[in-house]
Number of protein chains: 2
Amino acid sequence: MTTLKDIAKHANVSVATVSKYLSLDLAVKKETEARIQAAIKELGYVPNVVAKALKRKETFNVAVIVPKINNLYYSEITSGISQTLGKQHYNLFIYEVDQLNLDEGEILQLMRENMIAGIIFIGLFSDESFKESIRAAVEWEIPVVYANRYISFDGFPLLYPDLVQASKLGTAYLASKGRRRIALVHKRLPDRLLELFAKGYRQAIEEDGEPLLVAIEEGMELSESVIPALAENRIDGVFVLNELSAVYLAKALTKANIRIPEDMAVLSLGNSLISQISTPELTCIDLQNRELGIRSAEIILSQIRKQAFKPVTVLEPSIVERGSV
Amino acid sequence: MTTLKDIAKHANVSVATVSKYLSLDLAVKKETEARIQAAIKELGYVPNVVAKALKRKETFNVAVIVPKINNLYYSEITSGISQTLGKQHYNLFIYEVDQLNLDEGEILQLMRENMIAGIIFIGLFSDESFKESIRAAVEWEIPVVYANRYISFDGFPLLYPDLVQASKLGTAYLASKGRRRIALVHKRLPDRLLELFAKGYRQAIEEDGEPLLVAIEEGMELSESVIPALAENRIDGVFVLNELSAVYLAKALTKANIRIPEDMAVLSLGNSLISQISTPELTCIDLQNRELGIRSAEIILSQIRKQAFKPVTVLEPSIVERGSV
DNA sequence: TTGTATGCGTTATCAA
DNA sequence: TTGATAACGCATACAA
């Protein structure tokens, strides 16, 4: 392993000179520069980031804490993060919490041990314990970002899509296609979030009225069981607040000879590959997952660099038409 | 930040004693132990892994080099890796090469800079440049594993599914369901791999004969264009060697009023979510992606620990029946 | 423009 | 059973 010391000796200068030259905070004579560069080339010098981190008390490693990575929602966000971090020469650690089942204390310990420069928490919004993790990290002054769904702001930057707007957009779109009785189908969402969707619904529908909320479980059979409720209420358009559930519901509807979109319009929340390959392909609200990741990374980097950053970032959803509405 | 020094002072012992005690290579007196433990608790000591790495010249960080992470094939493997590494208290770095477009030199530099303990290369089998990356890493004595498809062994451990067996299994299954004229549909596979599938086909079909090989592009329209060729050859069963292509072909067949499986059996290679949510759901050959990841991680750890490891690991595929054959 | 010296937090060698 | 001390590779305060 070639070190600065070797370079210094080979170039007949001091270690400090080489170090400062490489850190760009020292202008050296043309001739010295040439000798240093020659030494670096000849000896094949590669800087040791670990030593640098120890000295500087700061790494270039950012951790992503995610429930699981083999899921298009999470991996899309993560890919966005990776893209931004890579450009800025930061490394990306991944910790899958579902797999490793780490508690808050263990996560914090891991971060501190490894001198993680910043942490991006994705998801886990149904679990309250993650909030403790974040709080603990904040307490130790580790830059933190939370990206997923709206949660109450609590002293760390938040990023999430505008679900009210998503709901409004979706509902209005269904209405514009002549749908008069629209249901919001959800997969066990917390009330806090359901209320956001209901709000968007109300904004889109001029007449007073509340949406029909239908809870659904994932899977073919479970989706079938929800069809009678839709029929009873003479629903002609569903906005399914979970992409996979939307696909299964579409399957169940087709199986029950309910045509999409003629008899029932199906709108899905989320625009991953699965809406595309569903039969029929599903019109959906795109929540901008990759962008969510990109922006999360930007904010964590701003924090690390002690620059200003927005405490709350709300992403604007958009609609992707595919004919299921 | 609390350091060993602080602990030592607080417990009235030397730094060396604390260090060795914590590394489990020193038995100390019960009383000393109690004092050390008390100090650790009181001061909230967290070991500094970075300093440890510098001293030991070895990190606990493993890098995964992957084309992209937002793809179920890659993320499933990665999740398997994450699972195994996590249990062994190793950290996982992710580098998305498609995103960052790093060349071989840059990858190696990154690995050396960060003192990466081992590298797992996934995929990129169509690209020859990755082989240079691997070779460079091997040259620098960094433990390496390659996981994806069969490539010629070249001095580093390989992991891949048994594609001949997969093809044999699939073909035999199609035949067992009464299919007499079977085509292998592939998405621009290199000849090297096509030959493996042809071999498996031959092993399954007793009579002499070669499979009809049909090249296909991904996407609905492109899949449609392949249907005439299937009709001309009176094909009654297709084994599609790419999961996404299988889904699109199934769509195209349905649209062309060709019933699955009555008129055409469709078998897919790969068992991610998309085969499950396709309409109809696709019977497939499971290539054991998660297991591939788990085993890759095990082998990289063996290398890191200077233990014996298998140079080649071949995974046995299995069939998952869903009624499309 | 360059060099000397110290220390980041840990492990490891040697001695006690 | 314990301690003193020298590295690991680098950055930086201070000198020259």
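Throughout, protein chains are lettered first and strands after them, A, B, ... in sequence-line order, and every chain is numbered starting at 1. Since the structure is predicted, the reported quantities are computational estimates derived from the model, not experimental observations.
One side chain, Gln109(A) or Glu113(A), offers a donor N or O that lies under 3.5 Å from an acceptor on the other. There is no side-chain donor-acceptor pair under 3.5 Å between Glu96(B) and Tyr74(B). Between the side chains of Tyr73(B) and Asn148(B), at least one donor N or O lies within less than 3.5 Å of an accepting N or O. Between the side chains of Asn91(A) and Asn114(B), a donor-acceptor pair is found at a separation under 3.5 Å. With hydrogens and angles left out, the side-chain atoms of Glu76(B) and Ser272(B) include no donor and acceptor closer than 3.5 Å. Donor-acceptor pairing under 3.5 Å is recorded for the side chains of Ser14(B) and Thr17(B). For the residue pair Ser82(B) and Gln99(A), no side-chain donor N or O sits within less than 3.5 Å of a side-chain acceptor on the partner.
Residue contacts shown for Asn12(B) are limited to sugar-phosphate atoms, with no base heavy atom under 4.0 Å away. Residue contacts shown for Lys5(B) are absent, as no nucleic acid heavy atom lies under 4.0 Å away. Within the nucleic acid shown, Tyr45(A) comes within 4.0 Å of sugar-phosphate atoms alone, with no base atom in reach, counting heavy atoms only. Residue Ser19(B) is classed as a base contact, given a heavy-atom separation below 4.0 Å to a base. Contact annotation for Leu54(B): base contact, defined as any heavy-atom pair under 4.0 Å involving a base atom.
Distances from the side chain of Val13(B) to the nucleotides dG3(D), dC10(D), dA11(D) place dG3(D) closest.
If you measure from atom CZ of Arg35(B) to atom C1' of dG3(D), you get 13 Å, rounded to the nearest angstrom. A straight line from CG of Asp25(B) to C1' of dT1(D) spans 13 Å, rounded to a whole angstrom. Atom CD in Glu58(A) sits about 15 Å away from atom C1' in dC10(D), given to the nearest Å. Atom CG of Leu22(B) and atom C1' of dT2(D) are 15 Å apart (whole Å).
Taking 4.0 angstrom as the limit, Thr17(B) places a side-chain polar atom (N or O) nearer than this to OP1 or OP2 of dG3(D). Close to dT2(D), at under 4.0 Å from its OP1 or OP2, lies a side-chain N or O of Thr32(B). Contact between the side-chain N/O atoms of Ser14(B) and the OP1/OP2 oxygens of dG3(D) is found at a separation under 4.0 Å.
Of the two residues near DNA chain D, Lys57(B) and Ala16(B), the one whose nearest nucleotide lies more 5' is Ala16(B). Both Arg56(A) and Lys55(B) lie close to DNA chain D; mapped to their nearest nucleotides by heavy-atom distance, the more 5′-ward contact belongs to Lys55(B).
Think of the region where chain A sits on DNA chain C: with heavy atoms and a 4.0 Å cut, that region ends 5' and 3' at dT1(C) to dG9(C).
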